[in-house]
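What follows is a single structure, written as structure tokens, with notes after it.
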There are 2 protein chains.
Amino acid sequence: MSPTEPRSYCPINLSLEIFGDAWTLLVLRDLMFSGKRHFRELLQSDERISSNILADRLARLVEHGLLTRSGDPTHRQKAIYSLTEKAIQLLPVVVQIGAWGSRWVPDARKLDAAARRFVRQLQEGGPRLWARRMDELRAVHLR
Amino acid sequence: MSPTEPRSYCPINLSLEIFGDAWTLLVLRDLMFSGKRHFRELLQSDERISSNILADRLARLVEHGLLTRSGDPTHRQKAIYSLTEKAIQLLPVVVQIGAWGSRWVPDARKLDAAARRFVRQLQEGGPRLWARRMDELRAVHLR
DNA sequence: CCCAAGCGGTTGTAAAATGCAAGCAGTCAC
DNA sequence: GTGACTGCTTGCATTTTACAACCGCTTGGG
């Protein structure tokens with residue numbers, strides 16, 4: 001609610017105060033790569049986030065200007081969450097966190113084949129592919 | 001202690017289960033950029049981490065293979081923490097998290113001039129400079 | 001018009017993580 | 001031997017998380 005004093009003004013710390021927790025980046029991941037836009041869609045992640053945490057994280061992300069919340073014309077009480085440019089700029093970070101995990105965390109080998117292909121493509125594509133995806137997100141989420 | 005089942009096998013999630021919290025990446029930041037190697041040095045961060053949390057994070061990082069802990073020849077009970085290759089490979093992620101914060105979090109303007117110069121150099125240097133820093137870290141921390 | 005299904009959340013409560021301050025045994029230089 | 005320094009540990013209050021149930025409103029189908 002009230003803007004609280006940051007622990008320090010180090011840019012790394014300032015970033016982590018926004019998304020340095022277990023759930024926030026997973027929510028952004030789903031918005032970026034799974035085309036999810038609604039509360040109940042986001043609730044269906046593999047990691048089984050609980051609804052109160054999701055509600056809290058969405059509110060924080062809106063508060064920090066990474067998401068906007070708007071109404072769905074087709075359903076009066078349906079909310080649509082949209083990424084802002086500020087959030088879209090985090091895509092390379094999210095991708096590289098995934099790349100690191102895929103390379104260095106042994107459990108990543110247990111990922112199913114389809115997901116693995118997806119991850120590999122995203123990395124072989126490199127920054128140019130990320131930029132393309134960012135443009136796609138802009139087209140869908142901004143304006 | 002006992003390896004617990006991950007919430008999912010998504011590489012992003014696997015990464016976040018290692019460093020997806022408020023403190024872990026700050027500890028790595030200090031090891032990577034401030035030349036800190038000892039417990040009490042790491043305790044002196046701007047963010048005022050408390051000693052029990054620091055002890056816990058160091059233990060986890062060792063457990064996950066991002067750090068090794070060894071004795072200091074000059075002082076029998078002095079511990080030296082060293083980055084592993086697995087951790088050094090996280091440097092680009094750490095740098096880019098800082099770059100994002102520096103660009104998108106308004107409070108980053110309050111950073112002092114010296115630190116700001118450091119941040120700007122690190123970004124203008126780009127991947128080549130990061131690679132150089134990674135090599136320096138390898139020289140100091142490995143073998 | 002009614003009702004089941006879908007919508008974005010809230011609420012209550014227990015368990016876990018965090019933050020804070022103090023303390024502790026071993027080591028070292030003098 | 002003593003005073004400063006080492007890497008932690010302990011106890012306790014506060015905060016955050018996790019889990020499950022529930023809620024009022026909206027919508028489409030019959």
Side-chain angles (χ1 to χ4, degrees), chain A residues 1-8 13 16-27 30-31 34-64 67-82, chain B residues 1-8 13 16-27 30-31 34-64 67-82:
Chain A
M1 319 302 158
S2 63
T4 224
E5 184 80 3
R7 287 184 299 220
S8 85
N13 178 62
L16 292 176
E17 294 199 14
I18 294 176
F19 56 78
D21 75 284
W23 293 110
T24 302
L25 285 180
L26 295 178
V27 171
D30 287 345
L31 287 161
S34 304
K36 298 181 181 177
R37 306 293 299 270
H38 304 293
F39 190 90
R40 272 183 141 81
E41 286 176 338
L42 292 164
L43 216 45
Q44 298 307 312
S45 64
D46 287 345
E47 293 84 10
R48 310 213 131 280
I49 188 171
S50 44
S51 57
N52 54 348
I53 309 268
L54 177 58
D56 177 75
R57 291 307 187 276
L58 288 171
R60 278 176 205 251
L61 284 169
V62 169
E63 198 178 319
H64 283 115
L67 298 182
T68 56
R69 183 187 188 280
S70 57
D72 187 326
T74 75
H75 190 310
R76 194 168 313 216
Q77 78 173 122
K78 207 165 174 177
I80 300 185
Y81 289 95
S82 302
Chain B
M1 320 304 159
S2 64
T4 225
E5 184 80 4
R7 289 186 297 223
S8 85
N13 178 63
L16 292 176
E17 293 199 16
I18 294 176
F19 57 78
D21 74 284
W23 291 111
T24 303
L25 285 180
L26 294 178
V27 171
D30 288 345
L31 288 162
S34 303
K36 299 181 180 177
R37 306 292 300 268
H38 303 294
F39 190 91
R40 273 185 143 84
E41 286 175 338
L42 291 165
L43 216 45
Q44 299 306 315
S45 66
D46 287 345
E47 294 85 10
R48 309 211 132 281
I49 189 171
S50 44
S51 57
N52 53 348
I53 308 267
L54 177 59
D56 176 76
R57 291 307 187 277
L58 288 171
R60 278 176 204 249
L61 284 169
V62 169
E63 198 178 321
H64 283 117
L67 299 182
T68 56
R69 183 187 188 280
S70 57
D72 187 326
T74 75
H75 190 309
R76 193 171 312 232
Q77 77 174 121
K78 208 165 173 177
I80 301 185
Y81 289 96
S82 302

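To find a chain, count down the sequence lines: A is the first, B the second, and so on, and within it residues start at 1.
- The backbone N or O of A/S8 lies less than 3.5 Å from a partner atom in the side chain of A/N13, making a donor-acceptor pair.
- Side-chain atoms of B/F39 and B/K78, non-hydrogen and from C-beta on, never get closer than 4.5 Å to each other.
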Detail all sub-3.5 Å separations between protein N/O atoms and N/O atoms belonging to nucleotides 26-30 of chain D.
{"residue": "D/dT26", "atom": "O4'", "partner": "A/Q77", "partner atom": "OE1", "Å": "2.9"}
{"residue": "D/dT27", "atom": "OP1", "partner": "A/R76", "partner atom": "N", "Å": "2.7"}

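- One atom, CZ of A/R40, and another, P of D/dC25, lie 16 Å apart when rounded to the nearest Å.
- One interatomic measurement links the two molecules: NZ of B/K78 to P of D/dC8, which rounds to 13 Å at whole-angstrom precision.
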Could you give me the CA-CA distance, side-chain angles and deciding distance for A/T68 and A/V62, then say whether side chain to side chain contact (heavy atoms under 4.5 Å, CB included) is met?
CA-CA 6 Å; A/T68 56; A/V62 169; over 6 Å; no
Check the pair B/S82 / B/R37 against side-chain hydrogen bond (donor to acceptor under 3.5 Å, both in side chains), numbers first and verdict last.
CA-CA 7 Å; B/S82 302; B/R37 306 292 300 268; 2.7 Å; yes
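- For the pair A/E17 (side chain) and A/R7 (backbone), a donor-acceptor distance under 3.5 Å is present.
- Ionic pairing of B/R57 and B/D21 is present here: one or more N-O contacts between side-chain nitrogen and carboxylate oxygen are shorter than 4.0 angstrom.
- Although no hydrogens or angles enter the test, the distance criterion places no donor-acceptor pair under 3.5 Å between the side chain of A/Q44 and the main chain of A/E41.
- B/K36 has its NZ atom 13 Å from the P atom of D/dT6, to the nearest Å.
- Less than 4.0 Å separates DNA chain C from at least one heavy atom of each of the following residues of residues 42-61 of chain A: A/S51, A/N52, A/A55.
- Contact footprint of chain B on DNA chain C: nucleotides with an atom under 4.0 Å from a non-hydrogen protein atom, first to last in 5' to 3' order, C/dT18 to C/dC28.
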From CA spacing to verdict: side chain to side chain contact (heavy atoms under 4.5 Å, CB included), A/D72, A/H38
CA-CA 10 Å; A/D72 187 326; A/H38 304 293; 3.7 Å; yes
Before giving the answer on side chain to side chain contact (heavy atoms under 4.5 Å, CB included), spell out for A/D56 and A/R60 the whole-Å C-alpha distance, their side-chain angles and the decisive distance to 0.1 Å.
CA-CA 6 Å; A/D56 177 75; A/R60 278 176 205 251; 2.9 Å; yes
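- The separation between B/E41 atom CD and D/dG7 atom P is 8 Å, rounded to whole Å.
- A donor-acceptor pair under 3.5 Å is absent between the side-chain atoms of A/R69 and the main chain of A/Y81, judged by distance alone.
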